[in-house]
Number of protein chains: 2
Amino acid sequence: MRFIANYTNKVDRKGRVSVPARFRTALAESAWPGIVVYESFKLPCLEASAREYIDALSDRLTSDFGAFDDEKEALAAAILGAAFDLPFDSEGRILLPQSLLEFAGIDDAAVFVGVGEKFLIWSPEAWERYRDEQRARARSAAARLGALGRQAPRHPEAAAGDGA
Amino acid sequence: MRFIANYTNKVDRKGRVSVPARFRTALAESAWPGIVVYESFKLPCLEASAREYIDALSDRLTSDFGAFDDEKEALAAAILGAAFDLPFDSEGRILLPQSLLEFAGIDDAAVFVGVGEKFLIWSPEAWERYRDEQRARARSAAARLGALGRQAPRHPEAAAGDGA
DNA sequence: CAGTTTTTCCCATGATATCCCATAAGAACC
DNA sequence: GGTTCTTATGGGATATCATGGGAAAAACTG
């Protein structure tokens, strides 16, 4: 159950989108034919994962009847209450609720981005914007680190016997 | 028996509301065709669950804490005594008593919010307000509680800055 | 006990989701 | 390079769901 790479699929007039076949294959281990989708806390996109993933989270939050913990309960409501359990249709598509489409700014296409145990669903524009930002960030970070990183390993003698 | 997602349904002039079909399906395991509804202690909303859940809660409160703990006993009495056992009509609706409608400030629409083993019933306005508040809190709470800790390190966005 | 109100059941309807099939586009395979 | 299989996408038919209204049944009241 591991998602990688990204795929762009169309959202049809009825709000249906095909979940990439690769992802569906990964999802096949799951007992439930569908995914759970919810709004990301940090990014303007949706997050999706196997039902089991959320169930485990739910268990941790409400397991013991110690459901009498304000903070846990609030968190459970915020996460679980905003998550949708979306079954696949016979073609492997899901029907995204209006509220989720709006949240992510998804109109007629969606980008599925695998990030390990779950995947993100973006509007193409937002995804591109985010990706570019991250690249720029990575570039400058690399440049900064690279200046140091390149010298040290190449001139072991200059660093005088640190090495392995 | 697991509730997630949220659905908004209308309350008609007679005080009837459809329980979301998804919830009814989850409830189908229950022997009793209806739900138990009571006022939440901490939130301005109603809580609902399968009959069995309340029974278990009842057992737990009385056995674990015995007759010693006045506070728990009071809690049990408050919950069990004020709970309504609401049957479905043939269309899968329930008839919410006036007192509950008033408590939750529900007028002509109700939001059903699944949170694991039970679900909440809110007035649309109150739910939206609460949800927005919690979303903000959830971010930090998630990190602190470690509820999402398992995923956090794996999230690119968790490490990178905010993309929004 | 009759009049009156409330509750329960049943049916009608529009909206929505689900299923099923058809086609196209692409990838994998010979 | 051509063929075959998988995947994505679209549309139409069908079933399900939410919702409203009305009639029958029960409860309540004077």
Side-chain angles (χ1 to χ4, degrees), chain A residues 3-28 30 32-37 46 48 51 83-102 106-114 119 121-124 127, chain B residues 3-28 30 32-35 37 46 48 84-102 106-114 119-124 127:
Chain A
F3 309 106
I4 59 167
N6 71 87
Y7 306 87
T8 302
N9 286 340
K10 283 191 185 171
V11 178
D12 69 20
R13 227 166 305 171
K14 298 179 182 175
R16 297 178 298 187
V17 222
S18 285
V19 173
R22 280 289 174 70
F23 288 7
R24 290 203 310 263
T25 310
L27 246 5
S30 173
W32 194 75
I35 57 177
V36 175
V37 183
L46 307 175
R51 178 71 205 243
F84 287 83
D85 206 331
L86 308 177
F88 291 136
D89 71 4
S90 47
E91 267 69 53
R93 289 175 287 199
I94 53 170
L95 184 65
L96 286 171
Q98 198 58 33
S99 65
L100 293 184
L101 289 174
E102 278 168 19
I106 293 171
D107 180 31
D108 62 346
V111 185
F112 291 77
V113 183
F119 56 91
I121 307 178
W122 290 81
S123 85
W127 165 243
Chain B
F3 309 104
I4 68 170
N6 68 88
Y7 305 88
T8 302
N9 286 340
K10 284 190 183 171
V11 178
D12 69 19
R13 229 164 301 169
K14 299 178 182 175
R16 297 178 298 186
V17 223
S18 285
V19 173
R22 274 287 176 67
F23 288 7
R24 290 201 310 262
T25 310
L27 246 6
S30 172
W32 196 74
I35 57 178
V37 184
L46 308 175
F84 289 82
D85 215 324
L86 307 176
F88 291 136
D89 72 5
S90 51
E91 268 69 43
R93 288 176 287 200
I94 54 170
L95 186 63
L96 285 170
Q98 197 57 34
S99 65
L100 292 185
L101 288 174
E102 277 168 18
I106 294 171
D107 180 30
D108 63 346
V111 185
F112 292 76
V113 182
F119 56 90
L120 313 177
I121 307 178
W122 289 80
S123 86
W127 163 243

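In this text, all values refer to a predicted model and were calculated from it rather than measured experimentally. In the text below, chain A, chain B and the rest are named by the order of the sequence lines, each starting its count at 1.
- Distances shorter than 4.0 Å separate some side-chain N or O of A/R13 from OP1 or OP2 on D/dG11.
- In this structure, CD1 of B/I94 is placed 13 Å from P of D/dT19, rounded to the nearest angstrom.
- Nucleotide D/dG22 holds its P atom 12 Å from the CZ atom of B/R16, rounded to whole Å.
- Note: CG (A/L95) to P (D/dG10) measures 14 Å, nearest angstrom.
- Between atom CD1 of residue B/I4 and atom CZ of residue B/R22 there is a gap of 8.0 Å, rounded to the nearest 0.5 Å.
- As a whole-Å value, the separation of A/D89 CG from D/dT14 C1' is 15 Å.
- With rounding to the nearest 0.5 Å, the separation of CG in B/L46 from CG in B/L101 is 7.5 Å.
- Between B/N9 atom CG and D/dA18 atom C1' the separation is 7 Å, expressed in whole Å.
- With values rounded to the nearest 0.5 angstrom, A/K14 atom NZ is found 15.0 Å from A/L96 atom CG.
- Atom CZ of residue A/F88 and atom CD1 of residue A/I35 lie 5.5 Å apart, to the nearest 0.5 angstrom.
- In this structure, B/E91 atom CD and D/dG22 atom P are separated by 16 Å, rounded to whole Å.
- Computed from coordinates, the B/D12 CG to D/dT19 P distance equals 9 Å when rounded to whole Å.
- For the pair A/K14 and D/dG10, the criterion of a side-chain N or O lying under 4.0 Å from OP1 or OP2 is not met.
- Nearest approach of B/F84 to B/S99, heavy atoms of both residues: CZ-OG, 3.9 Å.
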| said: Does A/L95 form a side-chain contact (heavy atoms from CB on, under 4.5 Å) with A/R16? I'd like the steps, not just the answer. | reply: CA-CA 4 Å; A/L95 184 65; A/R16 297 178 298 187; 3.8 Å; yes
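- Remark: C1' of D/dC17 and CZ of B/F23 are 15 Å apart, rounded to the nearest angstrom.
- Which of D/dA18, D/dT9, D/dT19 sits closest to the side chain of B/R24 comes down to D/dA18.
- A/V17 comes within 4.0 angstrom of no nucleic acid atom, judged by non-hydrogen atoms across all strands.
- If A/K10 and B/K10 are placed on DNA chain D by their nearest nucleotide, the residue sitting closer to the 5' end is A/K10.
- Atom-to-atom distance recorded for B/T25:OG1 and B/F3:CZ is 10.0 Å, nearest 0.5 angstrom.
- Interface limits on DNA chain C: the 5'-most and 3'-most nucleotides within less than 4.0 Å of chain B heavy atoms are C/dT8 to C/dC11.
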